[in-house]
Amino acid sequence: MHEIFDTDTTFASLDLKPELLKGITEAGFEHPTHVQAKLIPQAIEGRDILGQSKTGTGKTAAFGIPVLHLLEKQDQFGALVLVPTRELAVQVAREIDVLGQYTGLRTVPVYGGQKITIQAKKLERKPQIIVGTPGRVMDMNQRGLLPYKHLKVAMLDEVDRMLDIGFREDIRRILGSIKQAHQTIFVSATISPEIEKLAKQYMKNAVDLSTVEAKSLTVSQVHQRFMPVQPWDKRGLLKMVIDREKPGLMLVFCRTKATVDKVTEYLGRKNIDARSLHADMPQNKRDRVMEKLREGKVHVLVASDLAARGIDVKGISHVVNYDVPDDPEVYVHRIGRTARAGCDGQAIMFVTPEQGALVDGIMALTNVEIHEDGYDDFKPSPPPEKDRRRQEAQAKAKAEEVESKSRQVNALPDKSAAADASKFPGGIVPTALPRKGMGGRLRTRRS
Ligand code: ADP
Ligand code: MG
């Protein structure tokens, strides 16, 4: 069985209206992916769906195609897709537009940072499908430009992000304002049990659809490695990775906007064509960088987690986690920018000495081994003065902590030790519980 595509099925066999099939064929789609083959027929039947499938497996078309099939020209403001970033609003609207180009249905993106008047003009033409970020959608609704009363289908892409704390209230307000019966379709590559529960509050008798097997959360086409490095050596190592790996197009993820800009400047000084992308940049600049990226005119894009989700750009051969993400789910989305739609990709993560536990957490979540790698001829530099002082202070604090722990252990009353000892006939009595695993936070298989 093909990992991504359902090669036993064709789009022609899905009973779609001919003008839609024409657009799909012209887009170069022949076989649906597994998530498309499962989701599209159920969605066309009108079911509410919570769908999970790995990054790059075609979730956009999975919810876009049934909507294009179900809506007719008179269904103005008939469907709403909510997404977490402006870049994603533009991309998702574009893909639905391409697939639906012969249906006569119009798709419009609405997102912050672009002039209200430009988008207002487009809404005045009463499109059938709206793709937007929550803030701007609510704004347009309050201005009376984007009514909810005709909505037949509401969709959340990246549902776990949309229902996490930052967006939760906005989503509640928007979805709570749809008073008529409607269909809901929510998708993501990562859906924790908590998110599943929240999502189901918006759904009736939902189809729980997953194409993610228990094996792993990331596609096998992405080769994952980590490289140990000291914080002050990361820039030099990145330069070496670029020289050695010869990436077609590389995406570098940093924790902060300041680091994004610093790394971009450094690469520029080394004559590497690098661009920044983060939320402190004006929107027109963000749009320009995305355009350049899509035209293949950027060699290295250094980005914040703004670019971690959903972005689908051809030719991203490498993803570098310059900083390890704190949240293992973010890792899944970041590396999912490569190895899309069955292509190969490389994921490299820089890991500093104290970050072992974060990497363990990532491996526990994804259920994939990340192999250690590095360059024998990479020359680490001595720590700069400020790092050296910090390291010494940390080492001292650690030594004190170990000493105080050992005093506590020695002071344990004999009784409890004896009681425990009876449960451990081997004679070795643990003094601390094993670290709580991070596995099981995500749903990985459905019955
Ligand atoms: P996801 O949302 O699951 O991460 P996307 O919807 O962004 O994935 O799709 C990834 C890429 O695969 C896009 O470039 C899309 O055009 C392409 N794609 C989707 N479905 C198919 C298909 N059935 N055949 C070929 N390419 C496809
Ligand atoms: Mg997507």
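Numbering of ligands and ligand atoms starts at 1, following listing order. Keep in mind that this is a model prediction, so the values were computed, not measured.
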Q. Out of curiosity, Leu163 CG to Lys197 NZ, how far, rounded to the nearest 0.5 Å?
A. 13.5 Å
Q. Of the options Val330, Asp305, Thr259, Val260, which is the one that meets Phe253 in a side chain to side chain contact (heavy atoms under 4.5 Å, CB included)?
A. Asp305
I'd like to check which ligand 1 atoms, numbered from 1 as shown, lie under 4.0 Å from a non-hydrogen atom of [X].
X	value
Phe11	23 (N)
Lys54	3 (O)
Gly58	1 (P), 3 (O), 5 (P), 6 (O), 8 (O), 9 (O), 19 (C)
Lys314	14 (O)
His31	22 (C), 23 (N), 24 (N)
Thr60	2 (O), 5 (P), 6 (O), 7 (O)
Thr57	1 (P), 3 (O), 8 (O)
Pro32	23 (N)

Closest protein heavy atom (residue, atom, distance) for [atom]:
atom	value
atom 4 (O) of ligand 1	Gly56 N, 2.7 Å
atom 15 (C) of ligand 1	Glu95 OE2, 3.7 Å
atom 24 (N) of ligand 1	Phe5 CE2, 3.3 Å
atom 3 (O) of ligand 1	Lys59 NZ, 2.8 Å
atom 18 (N) of ligand 1	Phe29 CZ, 3.4 Å
atom 20 (N) of ligand 1	Gln36 NE2, 2.8 Å
atom 7 (O) of ligand 1	Arg340 NH2, 2.8 Å
atom 12 (O) of ligand 1	Ala341 CB, 3.4 Å

Crowding at [atom1], [X] (>12 non-hydrogen neighbours, <6.0 Å):
X	atom1	result
Arg269	CZ	yes
Asp15	CG	no
Lys285	NZ	no

Q: State, to 0.1 Å, how close His31 and Thr9 come at their nearest heavy-atom pair, and which atoms those are.
A: ND1-O, 2.7 Å
**Q.** Within-4.5 Å side-chain heavy-atom neighbours: Val222 and Gln346
**A.** no
Q) Can you find a heavy atom in the side chain of Arg275 that is under 4.5 Å from one in the side chain of Lys292? A) yes
(Q) Is the terminal nitrogen or CZ of Arg244 (NZ for Lys, CZ for Arg) located under 6.0 angstrom from the six-membered ring centre of Tyr375 and within 45° of that ring's axis? (A) yes
Q. On the ring face of Phe350, is Lys234 found with NZ or CZ under 6.0 Å from the centre and within 45° of the axis?
A. no
Q: Decide whether an N or O pair under 3.5 Å exists between Asp312 and ligand 1.
A: yes
Q. Which one of Arg106, Lys152, Lys126 satisfies the salt bridge (charged side-chain N to carboxylate O under 4.0 Å, His left out) criterion with Asp75?
A. Lys152
